[in-house]
Protein chains: 2
Amino acid sequence: MAMAEVAEPAERKPRGRREPNEERIRARNQRLILKAAIEVFSKKGFDGTPISEIAEKSGLPKANVYYYFESKEAIYRAVIAHLIQGWDDALTHIRPEADPRTALEGYVRAKLEYTRKNASESRLFASEIIRGAEYLTRADRQHMKDVTDKAVAIVDGWVAAGQLKQVNARHLFIMLWSATQFYGDFEPLAADALLVKRLTSRHYEDAARTIVDTVLGGILAASA
Amino acid sequence: MAMAEVAEPAERKPRGRREPNEERIRARNQRLILKAAIEVFSKKGFDGTPISEIAEKSGLPKANVYYYFESKEAIYRAVIAHLIQGWDDALTHIRPEADPRTALEGYVRAKLEYTRKNASESRLFASEIIRGAEYLTRADRQHMKDVTDKAVAIVDGWVAAGQLKQVNARHLFIMLWSATQFYGDFEPLAADALLVKRLTSRHYEDAARTIVDTVLGGILAASA
DNA sequence: GTCTATAGACAGATAGAC
DNA sequence: GTCTATCTGTCTATAGAC
């Protein structure tokens, strides 16, 4: 998906295969550019990001950025496409045969972990949604919907089986998503609320416990 | 606070009081500018917002915007200062003498209502935090901390009195803040998750019920 | 594949006529 | 208090030497 956005070099050996070395340089430089782009876009948004800053951060001259990507928008789209792939990972903890407590706790912890280790990516994604999600493709959104639907069906199954109290699974996932997201995306606020300068792994641990205890305490059926 | 940021007109009657009419025009135009600024800033962020667009949206020529505010940053700071005032309102529901269920439910509903009716403001605030909160003054942040501290102390009191189970009040408020905020700031995602094109008051009602039932179910002491 | 130089559009901000 | 014209700088993007 990301590949469609990448500019082709204007001049290339006709019909011949590219040198493996060329490919490696391409891959490396594209990675450098995307990594730098995530940082800058997440801090300044799409309109506020100058390509020159992406170039500087990636150690390449500005013109080279244009050699690898045909426009600023192409870089942005490639970044978005890349980070959508991280969306599902945490949700794999939600499996029908799993015990609800274990599954939901696994999801919350995985989500917190992801947000902590990929803070810039996470903020960029949040930024994109706040601005109205205009660069998310229909396919991206459909994918996220499908993944959500599957998780919702599993929770509904647990409710039907009497393992969980009656709960609106869609709103439940919104709660879990937003709570976990908060610690990474809104770190300055979270740090203020917790009376510290910066969040440490201990705060993430406390967050996980509070979310899991509170939510599970509210929906776990008494018999479970 | 906002006033400190506003440019003084270069030429003014020396020593004389200003005409009431002058004042009215000033107030009206400043209001128009701030209102337009909230909309544009929330969509494009600080760096991505052109003053020309604020001018257009407020119906004034660009030079007039500079007549009332000395810089783009001054407008942004004035907007931030204004919306900080909305921060406390919902928290007034958390009073020590109130019943915990009533108080927390009141808070959640007020917060959802605010986010729904002031979506642009809310998104602008979220955007500012995501970018690292560099335009929030120390005083603004201290104010938010003080208000949070008060609410935390009240919840701790409820826990001590046996009205609530043991819970980390600071993380609890983060949960409530993030969950309620989500429906306004990340509306496209929430709508996708709820299988609709746009959120209506019914969805906000469902959200309130899910949040309150889940969280209160998790922390209300059995005897309460 | 790398990089300097620059075109062309548009930004924030100001001067000064009205 | 209003507004046109303009200065100055920076932006995206490209041309073309190496």
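Letters A, B, ... mirror the listed sequences (proteins, then strands); counts begin at 1.
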Non-neighbouring partners of A/S122 that pass side chain to side chain donor-acceptor pair (under 3.5 Å), sequence neighbours left out: A/T115, A/Q181, A/D185

Any side-chain to backbone donor/acceptor pair from A/R170 onto B/L194? Under 3.5 Å, distance only. no

Hey, can you tell me if A/Y135 and A/F46 have their rings parallel, tilted or perpendicular (30° and 60° cut-offs)? tilted

Assess whether a salt bridge exists between B/D206 and B/R202, defined as any Lys/Arg side-chain N lying under 4.0 Å from an Asp/Glu carboxylate O. yes

Contact summary for A/I154 and A/I94, nearest pair of heavy atoms: CD1-O, 3.1 Å

Inter-end axis angle, the helix from C/dG1-D/dC18 to C/dC18-D/dG1, with every axis fitted to five base pairs (rounded, 10 degrees): 0°

From OH of B/Y76 across to P of C/dA13 the rounded distance in Å is 15 Å

Going 5' to 3' through nucleotides 11-18 of chain D and flagging B where a protein heavy-atom sits under 4.0 Å of the base, S where only the sugar-phosphate is that close, and - otherwise, we get SBBB----

B/N64 CG - D/dT2 P separation (whole Å): 5 Å

Would you tell me if any nitrogen or oxygen in the side chain of B/N29 comes within less than 4.0 Å of OP1 or OP2 on D/dT2? yes

Do the side chain of A/N168 and the main chain of A/H171 share a donor and acceptor less than 3.5 angstrom apart? yes

Whole angstroms only, please: what is the CG-P distance between A/N21 and C/dT2? 10 Å

Donor-acceptor pair, A/K44 side chain versus B/G45 backbone, under 3.5 Å? no

How close or far is atom C1' of D/dG1 from atom CD of B/E23, stated in whole angstroms? 13 Å

Hey, what's the ring geometry for B/F41 with B/Y76, parallel, tilted or perpendicular (30° and 60° as the breaks)? perpendicular

Using whole Å, report how far OH of B/Y67 lies from C1' of C/dA15. 15 Å

If you compare every side-chain N and O of A/Y68 against the phosphate oxygens of C/dT2 (OP1, OP2), does one of them come in below 4.0 Å? yes

Please state how far atom CZ in A/R28 lies from atom C1' in C/dT2, giving the value in whole angstrom units. 12 Å

Hey, is A/R109 close enough to A/E205 for a salt bridge, meaning N to O under 4.0 Å? yes

Round to the nearest Å and state the distance from B/I33 atom CD1 to C/dG12 atom C1'. 15 Å

I need the CZ-C1' distance between B/F69 and C/dG12, as an integer number of Å. 16 Å

